[in-house]
Structure formats: C-alpha cells, structure tokens
Amino acid sequence: MSQESAATPEAEDPPVRHEDNGSKGRYVVALDGHEAEMTYTRAGESLIIIDHTGVPDALRGRGLGLVLVRRAVEDARAAGKTIIPLCPFAKATIERHPEFHDVVKR
C-alpha cells in the first residue's frame with residue numbers, strides 16, 4: 001500500500017516525491033535519470049527514524065541531501081511528529097540548521 005504526495009517546494013528546490021508504505025517510506029528527487037533518496041522507518045505514531053540518505057555521484061554538489069532533509073522536517077512538523085536522525089548525513093545537516101531542531105528527539 002503506497003501513498004505518494006508532493007509538497008510545495010522552495011522556489012529553487014526540485015520536486016520531492018514522498019512514498020509512504022506504512023512502517024517505512026522514502027523521499028526521492030529524480031533528476032537527469034538518477035534518484036537521490038532519504039529513507040525512514042516509523043517507530044510508533046509520532047516518531048520517524050531517518051536511516052539513510054543517498055545521492056548518486058552524478059547528482060552530488062546540488063544540495064539535494066538538504067532538500068530531502070528539509071522536506072522530512074517540514075512534513076514531521078506539519079504532522080506533529082518527532083525525528084531521530086540515525087543517518088550521519090541527516091544528523092549533521094539537522095545539527096547545522098537550528099530551524100530544524102524543534103522536530104528532533106533530544
């Protein structure tokens with residue numbers, strides 16, 4: 001059972017596709033025949049664990065990792081959920097952006 005949605009992106013951000021399969025999901029940016037993705041697992045009703053962010057070499061340097069993390073933070077905030085960033089990239093990105101800290105489980 002897959003549910004896909006698209007949020008309103010930042011003016012300069014490429015579109016992000018959200019695939020939600022119940023206990024797991026991912027955010028995807030598809031460009032130039034490649035996909036950058038960030039995956040997560042749900043832990044209960046109000047907790048999301050970001051477990052992986054991957055950007056292929058062909059898409060590196062475009063800020064797509066930040067785009068994916070931003071979308072997850074925006075969605076979590078809108079749904080009243082909390083994020084645990086186990087993925088080292090997501091964790092470092094969230095730490096560098098104080099505006100994301102309100103949704104992080106501390």
Side-chain angles (χ1 to χ4, degrees):
M1 154 161 96
S2 177
Q3 176 187 40
E4 295 187 19
S5 63
T8 305
E10 299 280 322
E12 69 280 356
D13 286 352
V16 177
R17 185 174 76 241
H18 180 210
E19 299 173 359
D20 182 26
N21 295 310
S23 64
K24 294 189 176 283
R26 73 182 191 141
Y27 291 93
V28 181
V29 172
L31 287 175
D32 303 332
H34 303 279
E35 285 188 347
E37 73 170 358
M38 184 179 67
T39 61
Y40 65 87
T41 302
R42 291 186 195 281
E45 291 296 313
S46 63
L47 189 61
I48 295 169
I49 299 169
I50 296 175
D51 46 34
H52 171 75
T53 304
V55 177
D57 289 341
L59 298 180
R60 290 192 189 266
R62 299 187 190 190
L64 298 181
L66 174 59
V67 169
L68 294 167
V69 171
R70 179 186 302 126
R71 172 67 187 275
V73 166
E74 290 170 352
D75 285 359
R77 189 178 288 136
K81 296 183 186 292
T82 305
I83 293 174
I84 295 177
L86 292 185
C87 163
F89 176 84
K91 183 175 183 170
T93 299
I94 288 169
E95 286 176 4
R96 282 193 308 271
H97 290 270
E99 68 273 21
F100 297 164
H101 293 179
D102 62 305
V103 298
V104 176
K105 183 164 179 72
R106 302 241 177 226

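Quick caveat: nothing in here was measured; it's all calculated off a predicted structure. All values below come from the heavy atoms of this structure, side chains included, with hydrogens, waters and symmetry mates left out.
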Where do Leu31 and Leu64 land on the side-chain contact (heavy atoms from CB on, under 4.5 Å) test, with the steps shown first?
CA-CA 10 Å; Leu31 287 175; Leu64 298 181; 4.0 Å; yes

His101 side-chain N/O to Ile94 backbone N/O, donor-acceptor pair under 3.5 Å:
yes

Are Ile50 and Leu66 connected into the same hydrophobic cluster when the rule is that any two of I, L, V, M, F, W, Y join if their side-chain heavy atoms are below 4.5 Å apart?
yes

Report yes or no: do Lys81 and Ser46 form a side-chain donor-acceptor pair below 3.5 Å?
no

Determine, stepwise, if the pair Arg62 / Asp32 fulfils side-chain contact (heavy atoms from CB on, under 4.5 Å).
CA-CA 12 Å; Arg62 299 187 190 190; Asp32 303 332; 2.9 Å; yes

About how many Å separate OG1 of Thr41 and NE2 of His52, when rounded to the nearest 0.5 Å?
12.0 Å

Please name the pair of heavy atoms, one in Val55 and one in Ala36, separated by the smallest distance, quoted to 0.1 Å.
CG2-CB, 4.0 Å

Expected output: side-chain Arg71 to main-chain Tyr27 donor-acceptor under 3.5 Å
no

Applying the 4.5 Å side-chain criterion to the ILVMFWY set and letting contacts propagate, would Val29 and Phe89 be lumped into a single cluster?
yes

Side-chain contact test, heavy atoms from C-beta onward, threshold under 4.5 Å: evaluate it for Asp75 versus Ile48 and give yes or no.
no

Where Ala72 and Met38 come nearest, the two heavy atoms and their spacing
CB-CE, 3.2 Å

Write out all pairs satisfying salt bridge (charged side-chain N to carboxylate O under 4.0 Å, His left out) with one or both partners inside residues 91-101, taking only residues at least two apart or from two chains.
none

So Asp20 and Tyr40, do their side chains get closer than 4.5 Å, heavy atoms only?
yes

Taking every non-hydrogen atom, the tightest pair across Pro85 and Val104
CD-CG1, 4.1 Å

Closest heavy-atom pair, Leu68 versus Glu37, reported as atoms and distance to 0.1 Å, is CD1-C, 3.7 Å

Are Ile83 and Phe100 side-chain neighbours, meaning at least one heavy-atom pair lies under 4.5 Å?
no

So that I can tick it off, tell me whether Arg70 and Asp13 are bridged by a salt bridge, with the cut-off set at under 4.0 angstrom between side-chain N and carboxylate O.
yes

In Å and rounded to the nearest 0.5 Å, what is the CG to OG1 distance from Asp51 to Thr39?
3.5 Å

Any chance you could measure Asp102, atom CG, to Thr82, atom OG1, to the nearest 0.5 Å?
9.5 Å

Got Val73 and His97 here, is their nearest side-chain heavy-atom distance under 4.5 Å?
no

